[in-house]
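A short write-up of the structure that comes next.
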Amino acid sequence: MKNFSRIICLVIAFVFVLCSCQSSEPEIVPEYSVNVESADLDGFEVTWGHCYTDTIYGYITGTANSDLALAREKEVEEALNCKIEVEYSGDTVYSTLRASVMSGQPYYDIVTAGTYGLVNDIRAGYLTGLSGLLDIANTDKWGTPNMLNSTIWKDDVYAVVPYGWSELMYYSSFGYPISVNENLISKLGLTDPREYVESNAWTWDQFEASLAEYTHDDGGRTIYGMATHPAYFAMMMFLSNGNTLSSYEDGKVVCGAYTDAGFVAFERARKIYYETCKDYLHPGDPWNYVGVDMFVNGEIVLLTAPCNELFGSERSLLYVTDNVGILPYPQGPNATPGVFPSYHESLDYATGIPVNAKDPGATAIVLDAMYEPFDEFKTKEDVIGYMVDQIFFDERDARVLANMLENTEYGFFLEGARGVIESVTETDTSITSLLESNEDKYEQIVEDYMVHHYEGTVAVYGE
């Protein structure tokens, strides 16, 4: 690997606030309560551009959490003497934001949208820095530096997430857990793979053995051991050996793809994907809805899918099946037992203040009050209990997903960093050749992007 001594990049551990969701079980409706400090904003009107239509601040309409959000809005308006108008505008949020800033005419005061679109707006200067407006150090409310990496740029944090609000964090491109059709496991008379996780026996070897056991003939139809998007598989196998995309050590960047542990993970991923388990993986590319539908129809036993395919809308996997388990990816020899890594590609509910908002200070007061955590879900255990009651079929499922969220990192997908890793499942070219051919590309990504996120992290949070 080339010497990156002039480049600095920091990866800071992600702190967990787990989130909740609705299921077909009767809802536990929390008693609404919030303490909003009194302040007179003299009728200030906040226009909030929201990217997600048919929701209430992102929550499914008619759920306990959407009711809490509406109640919060009403109380904030009364306590602060303001008016909040939310425009659920879909993807036009991005073009409206850009047109407003470029014309100099204020329109939105707050914008909530995915970082898929906002990351370039942040770098273009369309959002205002938030460290002087919000208590960014309150990571339990706004998200940690590790999670906010895509919204940090050079000198500040330009968007935060409703980290203290339950549920919304999983409506992003976060993952990627393995879903298990427990009904098929039971039908085959096999060990529940959750037991392997509990006993630290969920290893690469056991994974291969399980895929072979799970693949079977069902009246002339092949039921495959697993369906997986190839890029997800490569990335999760890479992380499962204790690797990170990048870390800062002794004054230089260390890229996990160019470490011994990274190489070992790539070699095993390649072997599983192209050799030992090739016949046990669904031969197509079961991406998004297709993979979920196959899982629901009993055509596969294991599925790798992002969390916004597991729950978040009425058609999500956990709403239309009756016995699903959640597993981390199996652990490699260099992994820390019981630590289940993950990564995310976009924050769906990144929230910022446009640089030309009418009054950023008053807007920040409203945003701060709106995104105060709901009283019933202030602790990790509160939310895990809710999720066990309302969504998952086993407490172990909720705890695995919580562990993965604790150990997530930004994958720099838009910037191309994942491409180095996903190439493992795109070709049977030797790992050494792939790494060598991508070396210059990875160095450029670090120089152009990762270093500037580190600069912003240091500027706001310190070393």
Item to check | CA sep, side-chain torsions, deciding dist, call: S131, V157, side chain to side chain contact (heavy atoms under 4.5 Å, CB included) | outcome: CA-CA 6 Å; S131 62; V157 177; 5.7 Å; no
Keeping the roles fixed (side chain from [X], backbone from [Y]), state whether a donor-acceptor pair exists under 3.5 Å.
X    : Y    : answer
R270 : V424 : yes
H216 : Y214 : yes
R72  : M370 : yes
T139 : T144 : no
N243 : A265 : no
T304 : T228 : no
E299 : G291 : no
Y176 : F233 : no
T115 : L118 : no
R123 : Y449 : no

Minimum side-chain heavy-atom gap [X]-[Y] below 4.5 Å:
X    : Y    : answer
D91  : C51  : yes
N183 : D322 : yes
D155 : E455 : no
I136 : L130 : yes
C277 : L211 : yes
F266 : I421 : yes
I185 : P193 : yes
R268 : D205 : yes

Taking atom types as modelled, is there a side-chain donor on [X] or [Y] under 3.5 Å from an acceptor on the other?
X    : Y    : answer
Y442 : Q444 : no
S66  : T61  : no
N297 : D293 : no
T276 : E208 : yes
T429 : T427 : yes
E426 : Y273 : no

Next on the checklist: So that I can tick it off, tell me whether E395 and R399 are bridged by a salt bridge, with the cut-off set at under 4.0 angstrom between side-chain N and carboxylate O.
Outcome noted: yes
Next on the checklist: Salt bridge check, D135 against K141: does any charged N sit closer than 4.0 Å to a carboxylate O?
Outcome noted: no
Next on the checklist: Could you walk me through whether E267 and V264 satisfy the side chain to side chain contact (heavy atoms under 4.5 Å, CB included) test, starting with their C-alpha distance in whole Å, then the side-chain angles of each, then the deciding distance to 0.1 Å, before giving a yes or no?
Outcome noted: CA-CA 5 Å; E267 288 280 16; V264 168; 5.8 Å; no
For the student: nearest non-hydrogen atoms of [X] and [Y], plus distance:
X    : Y    : result
Q206 : W202 : CG-CE3, 4.1 Å
H452 : D448 : CD2-O, 2.9 Å
A350 : V161 : CA-CG1, 4.2 Å
D279 : T215 : O-CG2, 4.1 Å
C307 : L401 : SG-CD1, 3.9 Å
D156 : G129 : OD2-CA, 3.3 Å

Checklist entry - Please walk me through it: do F295 and S179 pass side chain to side chain contact (heavy atoms under 4.5 Å, CB included)? => result CA-CA 9 Å; F295 185 89; S179 301; 4.0 Å; yes
Atom pair [atom1]/[atom2] of [X] and [Y] - distance to nearest 0.5 Å:
X    : Y    : atom1 : atom2 : result
L239 : Q331 : CG    : CD    : 12.0 Å
N403 : I326 : CG    : CD1   : 13.5 Å
D54  : I60  : CG    : CD1   : 11.0 Å
L134 : I353 : CG    : CD1   : 6.0 Å
L303 : M226 : CG    : CE    : 7.5 Å
L302 : N181 : CG    : CG    : 9.0 Å

Anything under 30° is parallel, anything over 60° is perpendicular, the rest tilted; go ahead and classify [X] against [Y].
X    : Y    : answer
Y57  : H50  : perpendicular
W153 : H453 : perpendicular
W165 : Y371 : perpendicular
H229 : Y232 : perpendicular

Next on the checklist: Within a 6.0 Å radius of atom CG on D217, are there more than 12 heavy atoms belonging to other residues, nucleotides or ligands?
Outcome noted: yes
Checklist entry - So among E198, E182, E195, which one has a salt bridge (charged side-chain N to carboxylate O under 4.0 Å, His left out) with R396? => result E198
Item to check | Pair Y52 and Y349, ring centroids less than 6.0 Å apart | outcome: yes
Next on the checklist: Evaluate N438 against S423 for side chain to side chain contact (heavy atoms under 4.5 Å, CB included), listing each step before the verdict.
Outcome noted: CA-CA 10 Å; N438 281 290; S423 61; 4.2 Å; yes
Item to check | salt bridge (Lys or Arg N to Asp or Glu O under 4.0 Å) between R418 and E422, intermediate numbers included | outcome: CA-CA 6 Å; R418 196 185 76 180; E422 67 181 296; 3.4 Å; yes
Item to check | Test applied, side-chain contact (heavy atoms from CB on, under 4.5 Å); reference residue, S240; option that passes from F207, F340, W204 | outcome: W204
